[in-house]
Enquirer: 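What follows is a single structure, and I will ask about it in a moment.
Being a predicted model, the structure only gives us computed values, none of them experimental. Naming convention: chains lettered A, B, ... in sequence-line order (proteins, then strands); numbering from 1 in each chain.
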Amino acid sequence: LKNLFQNQKQEENHFDFEIICQQNQKAKQFQFKTHKSILSTRSQYFKSLFNSKMKEYQENKLILKDFSNSILSSILNYLYSGKIEINSENAVEILMFSSKYLIDELIEVSSNFIKQN
Amino acid sequence: MSRKMILRVPKFQEPKRMEKSEAQRLWLLLKDAIVEVQHMNASTLSFEELYRSSYSLVIAKRGDILYTGLEEVNNHHTKNLLDKIAQAVDERFLIELNSQWQQYKLQQIMIHDILMYLDRMYVKEPQLKVFDLGMFKWKQNVLIHSQINDRLVRMLLGLIHMERNGEVIDGALMKSLIQMYVDVSLKEKETYKQEFEERFLLATSHFYKSESNLFITNNSCGAYLKKVEIRLIEEEARIKQYLDESTGPKLIKACEDELIANHMQTMIEMETGCRTMIQNDRFNELKLMYRLFQRVENGLVHLKNEFAGYVRNEGHKIVNQPENLKDPNALITSLIEIRNRFEKTLSQSFANNRDFINSVNTAFESFLNENDKLSESLALFIDKKLRGGFKDSNDQEIDVIMNKVILLFRFLSDKDVFKKFYEHYLAKRLLSGRSFSEDLERTMISKFKQECGNQFTSKMEGMFTDMRLSKDALDGFKNYLQTSVEMGKLPKIDMSVRVLTQGFWPTFPPHSCTLPPLLSQYCDLFTKYYCHAHTGRRIIWQTNIGTAEVTFRLPKKTHVLALSTYQMLIMLLFNDAEKLSLKQMAAGTSISFMDIQRSVKPLYSGKYKVLKRTPAVEKSKELSENDIFELNLNLKCKLHRIKFAATSQTDSEPERQHTRQRVDEDRKIEIDAAIVRIMKSRKALIHNDLIVECTKQLSSRFVPQTSMIKKRIENLIEREYLERFPDDRRRYRYLA
């Protein structure tokens, strides 16, 4: 199943949802092309987001302001592949992200990492 | 300690408690959004923005503002909805209620999604979860409101009533509205149960009570059963279609109570009811009845008792029918017939239910032992079959009949009586050469063996061995005669002898008679030969069960008469006399007068009369010693060989008495053995315990009478096997 997700990410086509990372007005925008089907199976947040049929669903676009581009990249990678590298650089931010978006597995992994260090 | 922490903590500080004004701003943002959602205008809102607002409030410890605010908004909204819904008239009411409810539910899901963070991280027991809060508000302000609840339930029940009366209703609408009661229940479907289910079940019971009473008085039991089955299927479908599945068992129970349990007695007793169905072998109706009665408590007990009662009654009639008492064949045939019939009922209607089978068997046991005729009748039935009654049946049919015989045999409590009769008739068959097939004889015996063990059939098997050995002995005797010196002096006769081991064969009452000199010489020769070959054995001649062929020369024609040995002796007397009285016959042959009577009777009163009574008297008149007979020289018969039955086919009463007596003798021995066995192992025992134990041990063979056991105990005390305790006369002690 995870391989399938990875393949899908590499696949250029069939992207149907865009996530834009913009920490503030002046900062550079980063775009991530993704698949609704994957996000909604991997995260309750995305599932609800799509089900709500609100603005993001209408525009096929989500703008995230609170997190850096590299964190978002790791997280998306995790959602697609199930793998993530946690190090002292990113641990806290991953914990914050996963706490906000209620990704239980990541909360546990990252907080363990922080406790151990 | 000098090791430096390399963990960077960028913007991660303990969040400060948010300013009240900021919190208020975020709440208002959310509140507006919720109101938009409630007006189905959500498409322009940003999910992420709302989610982040709720998240921010919660991590800034302002979740309370959000939660109480949400409660108020829901409260307000549901109160508005109530007015709107309550205004709808007639059928519009249900439709309006349903559409508002469906929308409301969707909105609540959406609100829950937006406030997911609040729901997960803020709400703690006993607070309601965000979605449950929405449900609770709907319940409180809409569903159980006096303007809605009663009206709704009445309308729902009304629609169900209509549907039960055959009208078509909107099942999807029903499902949605009934499910609403389940959805707003916070735990264990309590709202559904209290507000809807209870009243629904009551209405159901009421409906079926009146319907069933009316239907059963105007229709046959069969029609009623079908109706009930259809109703139950309909209700099952109703559960699937629009009720909550938890109602299923209760609804079905209510229906079963009204439709089945309350009418069981009627269904059994009514004119077209259970009794008639059993009588007329209405297998399908009975099967349906069985299926339905099975559903209610004690239902099958009623049905079973009714059936067993009928079986007992039918069996009782058969075993007491005067014609059957005279004709064992008819009796056993009818018993096999009803057994077949009831087995068919059991398998076709009652799913071969163990309890039913057992109670039918108990019924058979009780009527089969109602009188003591049955053991003999059964033995006679088999006798007739084995004498040739099986001629026209194939192996399979024969096997079926034999198995039925075994089945009936199994129900006999006095198996020893049966055994005696069976041995008696087997002996007769073998000795008169009337057995149809040795294979079949052996098959039958092996079936008894299977049923009762070796001991039961050892004598019967011994008889077969004797028959085989007799043939060898006879062959040997014939060879012996050819080489014997005496042979030259004697005219040749064809004599056949059977050597029977005493003990295997029934003891025939000892009779003596005077054989003609020639025959007597032959007998002596055989005795000589046999005792020479088998030293230490003793031969006792049983002439009374032999047969003979006699040439009967009439002036115009010659016949061969197949006679019993006694009849032969009587007929031979007429070589030297023209007329003989019975008294003279007895004197000339040394046969007892009773046997003379029995032997003569077929000779003068049968179809072919070789003797005639002079002077001619009424046939029916009892014979007396002085009655005189002469040869009937005018005999007209086309046959060359004429066969005469030695005695009537069934045994005479004295012989039966004799068999009975022998059974009783055997029983005494068995009871003695049982008592000694028991006392030997128990050493001391109270009277009643001994009786119980003894009866138990013997029950596979017969049911001993208590009085008989008592007599045997007394006898054993006399013979000093047992003694009474001096201080307690009801206790016995075993004397080694």
Side-chain angles (χ1 to χ4, degrees), chain A residues 17-24 27 36 39-40 43-72 86-104 107 110-117, chain B residues 3-15 26 29-30 32-61 63 103 105-123 129-131:
Chain A
F17 195 67
E18 201 177 43
I19 299 178
I20 292 164
C21 177
Q22 188 171 33
Q23 281 188 293
N24 55 56
K36 281 182 191 164
L39 296 180
S40 64
S43 145
Q44 183 61 45
Y45 171 84
F46 282 109
K47 192 176 194 170
S48 300
L49 179 113
F50 298 134
N51 281 343
S52 73
K53 309 254 185 326
M54 288 187 185
K55 193 168 140 196
E56 288 84 352
Y57 175 86
Q58 310 286 341
E59 295 175 358
N60 289 324
K61 191 168 75 181
L62 166 66
I63 300 170
L64 292 181
K65 294 177 179 168
D66 301 334
F67 297 95
S68 72
N69 147 47
S70 66
I71 287 300
L72 193 56
I86 299 180
N87 51 43
S88 47
E89 299 279 325
N90 67 7
V92 173
E93 225 181 330
I94 286 176
L95 178 59
M96 286 171 66
F97 186 97
S98 50
S99 307
K100 178 177 171 189
Y101 293 107
L102 301 166
I103 309 170
D104 295 334
I107 295 175
S110 55
S111 56
N112 280 345
F113 182 88
I114 293 167
K115 269 184 229 154
Q116 276 163 23
N117 290 284
Chain B
R3 194 161 158 261
K4 204 180 161 193
M5 281 285 287
I6 54 161
L7 197 66
R8 279 195 312 133
V9 183
K11 303 154 224 160
F12 191 77
Q13 298 119 0
E14 174 67 15
L26 285 176
L29 187 102
L30 279 165
D32 286 347
I34 290 167
V35 171
E36 286 301 314
V37 167
Q38 286 170 343
H39 290 90
M40 307 305 273
N41 286 330
S43 62
T44 56
L45 303 168
S46 162
F47 185 86
E48 164 62 17
E49 201 179 326
L50 298 171
Y51 185 91
R52 180 164 3 92
S53 305
S54 128
Y55 168 77
S56 304
L57 281 169
V58 174
I59 61 166
K61 301 205 181 330
Q103 282 183 11
K105 216 159 59 161
L106 285 178
Q107 294 158 9
Q108 288 302 320
I109 292 170
M110 218 183 268
I111 291 167
H112 161 264
D113 284 350
I114 296 166
L115 303 181
M116 196 171 8
Y117 198 84
L118 175 81
D119 200 42
R120 284 274 296 273
M121 309 312 267
Y122 170 78
V123 179
K129 287 284 186 186
V130 171
F131 184 78

Enquirer: Using heavy-atom distances under 4.5 Å, tell me whether A:Q44 contacts chain B through its side chain, its backbone, both, or neither.
Expert: both
Enquirer: Rounded to the nearest 0.5 Å, how far does OG of A:S99 lie from CZ of B:R120?
Expert: 10.5 Å
Enquirer: For B:Y117, is it the side chain, the backbone, both or neither that has a heavy atom under 4.5 Å from a heavy atom of chain A?
Expert: both
Enquirer: Just checking A:K36: does its NZ atom have more than 12 heavy atoms from other residues, nucleotides or ligands closer to it than 6.0 angstrom?
Expert: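 Yes - once you tally the heavy atoms of other residues, nucleotides and ligands closer than 6.0 Å, there are more than 12.
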Enquirer: Relative to chain B, which segment of A:L49 carries a heavy atom at a distance below 4.5 Å: side chain, backbone, both, or neither?
Expert: both
Enquirer: Taking side chain as everything from C-beta outward and backbone as N, CA, C, O, which of these in B:S46 sits under 4.5 Å from a heavy atom of chain A? Side chain, backbone, both or neither.
Expert: both
Enquirer: Which atoms of B:V58 are under 4.5 Å from chain A, going by heavy atoms: the side chain, the backbone, both sets, or neither?
Expert: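 Neither part.
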Enquirer: Quick check on A:Y101 against chain B: is it the side chain, the backbone, both or neither that has a heavy atom closer than 4.5 Å?
Expert: both
Enquirer: Return the option, out of A:N51, A:N90, A:D104, A:I63, with the maximum number of heavy-atom pairs under 4.5 Å with chain B.
Expert: A:D104
Enquirer: Walk me through it: do A:L102 and B:M121 pass the test side chain to side chain contact (heavy atoms under 4.5 Å, CB included)?
Expert: CA-CA 9 Å; A:L102 301 166; B:M121 309 312 267; 4.0 Å; yes
Enquirer: Looking only at non-hydrogen atoms, find the nearest pair between A:M96 and B:Y55 and report the distance.
Expert: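 Between these two residues, the closest heavy atoms are O-OH, 4.3 Å.
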Enquirer: Quick check on B:I114 against chain A: is it the side chain, the backbone, both or neither that has a heavy atom closer than 4.5 Å?
Expert: side chain
Enquirer: As a test of understanding, state which of B:V37, B:D113, B:T44 forms a side-chain contact (heavy atoms from CB on, under 4.5 Å) with A:M54.
Expert: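 That would be B:V37; it is the only one of B:V37, B:D113, B:T44 passing the side-chain contact (heavy atoms from CB on, under 4.5 Å) with A:M54.
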Enquirer: Based on non-hydrogen pairs under 4.5 Å, which of A:K55, A:K100, A:K53, A:Q58 is most in contact with chain B?
Expert: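 Ranked by heavy-atom pairs under 4.5 Å with chain B, first place is A:K100.
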Enquirer: Judged by atom type as modelled, is there a donor-acceptor pair below 3.5 Å linking the side chain of B:E48 to the main-chain atoms of A:L64?
Expert: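 No; zero donor-acceptor contacts below 3.5 Å.
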Enquirer: Using the rule given for side chain to side chain contact (heavy atoms under 4.5 Å, CB included), can you reason through B:M116 versus A:S48, listing the C-alpha separation, both sets of side-chain angles and the distance that settles it, and then say yes or no?
Expert: CA-CA 9 Å; B:M116 196 171 8; A:S48 300; 3.7 Å; yes
Enquirer: Does B:F131, at its CZ atom, have more than 12 non-hydrogen atoms belonging to other residues, nucleotides or ligands within less than 6.0 Å?
Expert: yes
Enquirer: Pick one of side chain, backbone, both or neither for B:L50, based on which atoms fall under 4.5 Å of a heavy atom in chain A.
Expert: side chain
Enquirer: Relative to the ring of A:Y45, is the ring of B:Y51 parallel (under 30°), tilted (30 to 60°) or perpendicular (over 60°)?
Expert: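 Plane angle over 60°, so perpendicular.
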